[in-house]
Amino acid sequence: MRCFMSEPVLIAVAWPYANAKIHVGNLTGAYLPADILARYHRLRGRDVLMVSGTDSHGTPVTVRADEEGTTPEQVYKRFHVEFIELFQKLGLTYDIYTTTHSRNHFDVAQKLFLSLKENGYLYIESSKQWYSPEQERFLPDRYVEGTCYFCGKPGARSDQCDNCGHLLEAEKLIDPKSKIDGSTPELRETSHFYLDLEKLQDQVGDFLRERQDYWRPNVIKQSLGQIESEGLHGRPITRDLSWGVPVPIEGWDEKCMYVWFEAVIGYLSSVVEWASLHDQPEAWHHWWTNPESRTLYCIGKDNIPFHAIIWLAELIGVSESFDEKMGAEDPKPLVLPYDIPANEFMNLEGRKLSGSKNWAVWGLDFLERYDPDPMRYYLTVNMPETRDSDWDWEEFYQRNNNELVATWGNLANRVLSFAYKYWEGRVPDPGELREADRALLASIREGFANVEAHMEAVKLRAALQEGMRLAAEVNKYLDTSAPWFEIKEDKNQAAKSIYTAMQAIDWLKVIFSPFLPHTSEQLQSFLGYEVPLFGSLVTQEITDELSTHRVMLYEPGESMTAKGEDLWKPVELTPGKPFSKPSPLFKKLDASIVEEERAHLGQ
RNA sequence: GGCGAAGUAGCUCAAUGGUAGAGCAGUGGACUCAUAAGCCAUUGGUUGGCGGUUCAAAUCCGCCCUUCGCCA
């Protein structure tokens, strides 16, 4: 059983939707920055929980299931299993990666829905929707096609014409047909619950205004801009659909909650699930009702309104009612977002990513040919933190060879090889350090503080850049002290140089570990540590009354970060300590990969 | 159409009113422990365009162009 004594940090990661593979844009936008933050906070000894899961419900999943002649559940599971495989290979340390299709999520989502209703933030309104008499069910807009009343072209969806771009009113669509069986649907009156955003808008606006100085401008201004220009309006949060979380009200069990309303609740339900899987069912409070808790939402810019407005409004509206429903004697409100460091998008070779045109670099496909750390490196130095960025194979190749291999990997290799050769695999004893040695170590020490500042501000590319600058500084130091000369004259002098460089590498290993965990662990073992920095990822099948679902869990195990100590600081390397013969951390890539990879695009 | 973000060296990005900088690429050099890696030096910019405010603008204001996201 784990004890939670330290500062709670919840890393809430966007939930991938179960109808498309994950590409580098998804990774750099949300999933990778989340893991970098999670690992950093773990190193600080904080009580980190990184959570997410597959967004499994909604119309697109049912559309695909219909097309493939299978069930929505099978469709979501196929993607879900692939997502987990990718995250595991890339080393994304989700404490729990689950799904919205679980009994637990249903319970939590329904409790939250009822809390909002009881607190007066839901209302019912009726509208006209397409209904298929043949199938005896309502049809989503995208199931109905007809002729556009603007441009006269057939094949227009009932809500929008792809030909002329006009938004359409369903009633006016000419000759509507169901895409499923070609039958003619009719418009019928139907009722739905709406989230009363008008009632919550002042509280949402005030909350955002208080965070103007440290949230990213894109997030704050977009949300406030909408509130201040148009104001917020009620939004329907239920659907006439069977694949989803049923509305928990008598007479409404034919309807489901709308995915955008329900999936974000996963940030809460996954923590509840994590707690119960670890036999500490009350532990979710540590992150969700504790005023000390910091919740960071890692998302892409397309998700900003759902998090900075709608989810925020849900949390404010629920207040302590959810805790009450969970049986708390002294119920507390849910914790509101500490930060939402949304990223922009990543393009590919100058063009927008497009799954349907195969204009994408797919995560799993990439990892069949390359290692995870080079991908993590390139995606971080190119992270779209302030504007859209671009994946360019030439640049990937250059940065891998010039920066990872040449500056950092080669530094570790040259120093450890030299030390291994002349000191028989033991850390040399430096005696008293010289001025230049102390100066180098002082600047790495300063590096911890610099990188820390960037990490706390979620400026990950600047943080990694600082790490590389420090690695270059060690290279410069070596060139000046030139231990390969010293060794010929006076081995004691060389011992000082090599000890200093090894010490620097040991520290840089920590600084780089949130970004490059696989190679930092390799260094950890080369340097003779018996315990790894981080734990490992495992999967498990969970069966509940609803279904069976796979979860991925992070297990701290016996790792250094499991102890809850602050490891983000220089620790002295013991002279005489045994270490092993090193091998290169990174592979040098051949220039030919650029053309090969480019040839695959768009095929 | 409304809201928002972005446009700076060949490329990727810094620089919140005070002489436009860094890394990579390019060019030149000395060295050899290391994955021919590393180190030193160096070329390169009408800051998307036009206008305005100011002693001073990449930065503030207005209009326009281009790209992207959300909403209608």
Side-chain angles (χ1 to χ4, degrees), chain A residues 25 29 159-160 165-169 197 213 216-233 235 260 299-310 342-347 349-353 378 380-422 454 459 461-462 464-469 471-488 494 497-498 501 505 582-590:
Chain A
D159 55 345
Q160 185 169 11
H166 277 98
L167 292 169
L168 307 178
E169 290 171 58
L197 289 167
D213 52 334
R216 292 190 180 170
N218 196 7
V219 176
I220 207 98
K221 287 193 180 166
Q222 191 187 141
S223 315
L224 272 179
Q226 197 187 326
I227 291 172
E228 282 163 8
S229 66
E230 312 167 10
L232 299 179
H233 307 290
R235 295 186 60 152
W260 63 249
I299 60 168
K301 67 173 160 182
D302 52 332
N303 260 325
I304 291 171
F306 293 121
H307 290 78
I309 295 180
I310 294 167
N343 278 324
E344 304 287 311
F345 279 1
M346 177 173 264
N347 298 314
E349 302 270 347
R351 281 165 50 185
K352 248 173 95 165
L353 284 167
Y378 183 59
T380 307
V381 293
N382 229 348
M383 199 164 268
E385 289 178 342
T386 54
R387 69 181 88 164
D388 287 358
S389 66
D390 193 47
W391 175 290
D392 183 286
W393 279 105
E394 171 73 25
E395 199 199 347
F396 168 73
Y397 154 75
Q398 295 279 0
R399 283 188 181 269
N400 180 78
N401 286 4
N402 296 328
E403 297 173 27
L404 272 186
V405 173
T407 304
W408 171 228
N410 181 58
L411 168 65
N413 197 40
R414 69 194 291 209
V415 170
L416 297 187
S417 303
F418 194 91
Y420 192 82
K421 184 172 164 192
Y422 289 103
H454 290 313
K459 292 184 172 171
R461 59 196 301 170
L464 182 51
Q465 207 175 0
E466 171 70 1
M468 288 307 277
R469 190 188 67 75
E473 219 170 291
V474 183
N475 276 320
K476 285 180 190 127
Y477 161 84
L478 281 172
D479 219 67
T480 313
S481 57
W484 46 92
F485 286 141
E486 290 174 322
I487 196 89
K488 291 172 189 162
S497 300
I498 289 300
I505 289 167
S583 58
L585 297 175
F586 303 99
K587 294 188 195 106
K588 191 161 181 169
L589 295 172
D590 193 87

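Chain A is the first sequence line, chain B the second, and so forth, proteins listed ahead of strands; every chain is numbered from 1.
A donor and an acceptor atom, one from each side chain of A:E394 and A:Q398, are located under 3.5 Å apart. Residues A:E486 and A:S497 have side chains that bring a donor and an acceptor to within less than 3.5 angstrom of each other.
Residue contacts for A:L585: at a heavy-atom cut-off of 4.0 Å it reaches a base atom on one of the strands shown. When heavy atoms are screened at a 4.0 angstrom cut-off, A:P483 is found touching no nucleic acid atom at all. Contacts of A:F586 with the nucleic acid, taken as non-hydrogen atoms under 4.0 Å apart, include base atoms. Within the 4.0 angstrom heavy-atom criterion, only backbone atoms of the sugar-phosphate kind lie near A:K221; the bases stay farther away. Among the heavy atoms of the strands lying under 4.0 Å from A:S389 are primed sugar atoms or P, OP1, OP2 only; no base atom is included. Among the atoms of the strands shown, none is found under 4.0 Å from any heavy atom of A:A462. Note on A:T480: nothing from the nucleic acid sits closer than 4.0 angstrom, heavy atoms only.
Regarding contacts with the backbone of B:A5, every side-chain N or O of A:K301 stays at 4.0 angstrom or more from both OP1 and OP2. In terms of phosphate contacts, A:N402 brings a side-chain nitrogen or oxygen within less than 4.0 Å of OP1 or OP2 of B:A25. Remark: A:K352 is in phosphate contact with B:G69, judged by side-chain N or O atoms under 4.0 Å from OP1 or OP2. For the pair A:R461 and B:U12, the criterion of a side-chain N or O lying under 4.0 Å from OP1 or OP2 is not met. Of the side-chain N and O atoms in A:S497, none sit less than 4.0 angstrom from OP1 or OP2 of B:C33. OP1 and OP2 of B:U66 both lie 4.0 Å or more from every side-chain N or O belonging to A:R387.
For A:E230, the side-chain atoms get nearest to B:C71 when compared with the rest of B:C71, B:G4, B:U12. Residue A:D479 places its side chain closer to B:C33 than to any other of B:C33, B:U12, B:G4. Comparing atom distances between the A:E403 side chain and each of B:G38, B:U32, B:C24 picks out B:C24 as nearest. Of the candidate nucleotides B:C33, B:C68, B:C71, B:C68 has the atom lying nearest to any side-chain atom of A:F345. Looking at the side chain of A:A406, the nearest of the listed nucleotides B:A14, B:A37, B:C40 is B:A37. Minimum atom distance to the side chain of A:S229 is reached by B:G2, of the listed B:C39, B:G2, B:G69. Residue A:R399 places its side chain closer to B:U12 than to any other of B:U12, B:C33, B:A14. Closest approach to the A:K488 side chain among B:G38, B:C3, B:C33 is made by B:C33 (side chain taken as heavy atoms from C-beta onward).
Spacing between B:U19 and B:G23 at atom C1', rounded to whole Å, works out to 23 Å. Across the P atoms, B:C61 and B:C3 are found 15 Å apart, a figure rounded to whole Å.
Residue A:Y477 contributes atom OH, which lies 15 Å from atom P of B:C39 at whole-angstrom precision. What separates CG of A:L404 from P of B:C24 is a distance of 14 Å, to the nearest Å. Look at CD on A:E473: it is 10 Å from P on B:C40, rounded to the nearest Å. Separating the CZ atom of A:R414 from the P atom of B:U35 is a distance of 11 Å, rounded to the nearest angstrom. For A:R216 and B:A6, the CZ to P distance is 12 Å, given to the nearest whole Å. Rounded to whole Å, the distance from CD on A:Q226 to P on B:C71 is 9 Å. For A:R235 and B:C70, the CZ to P distance is 12 Å, given to the nearest whole Å. Nucleotide B:C13 holds its P atom 9 Å from the OH atom of A:Y378, rounded to whole Å.
If you check B:A72 for Watson-Crick or wobble pairing at under 3.5 angstrom, you find it has no partner at all. Pairing for B:G23 goes to B:C11, judged as Watson-Crick or G-U wobble with the two contacts each under 3.5 Å. The partner of B:G45 is absent, by the rule that a Watson-Crick or G-U pair needs both atom distances under 3.5 Å. Searching all strands for a Watson-Crick or G-U wobble partner of B:C31 with both distances below 3.5 Å returns nothing. Pairing for B:G51 is with B:C61, a Watson-Crick or G-U wobble pair whose two hydrogen-bonding atom distances lie under 3.5 Å.
A distance cut-off of 5.5 Å between ring centres, combined with a plane angle under 30°, leaves A:F418 outside any stacking arrangement with the base of B:C33.
Position along RNA chain B of the nearest nucleotide to A:D390 versus A:F306 favours A:D390 as the more 5'-ward residue.
Remark: A:N475 pairs with A:T407, A:L411, A:R414 by the side-chain contact (heavy atoms from CB on, under 4.5 Å) rule, at least two apart or across chains.
The residues A:E344 and A:R387 are annotated as not salt-bridged, no charged nitrogen and carboxylate oxygen being separated by less than 4.0 angstrom.
You'll find the ring centres of A:W484 and A:F418 outside the 6.0 Å limit.
Classified by interplanar angle (parallel below 30°, tilted 30° to 60°, perpendicular above 60°), the ring pair A:W391/A:F396 is parallel.
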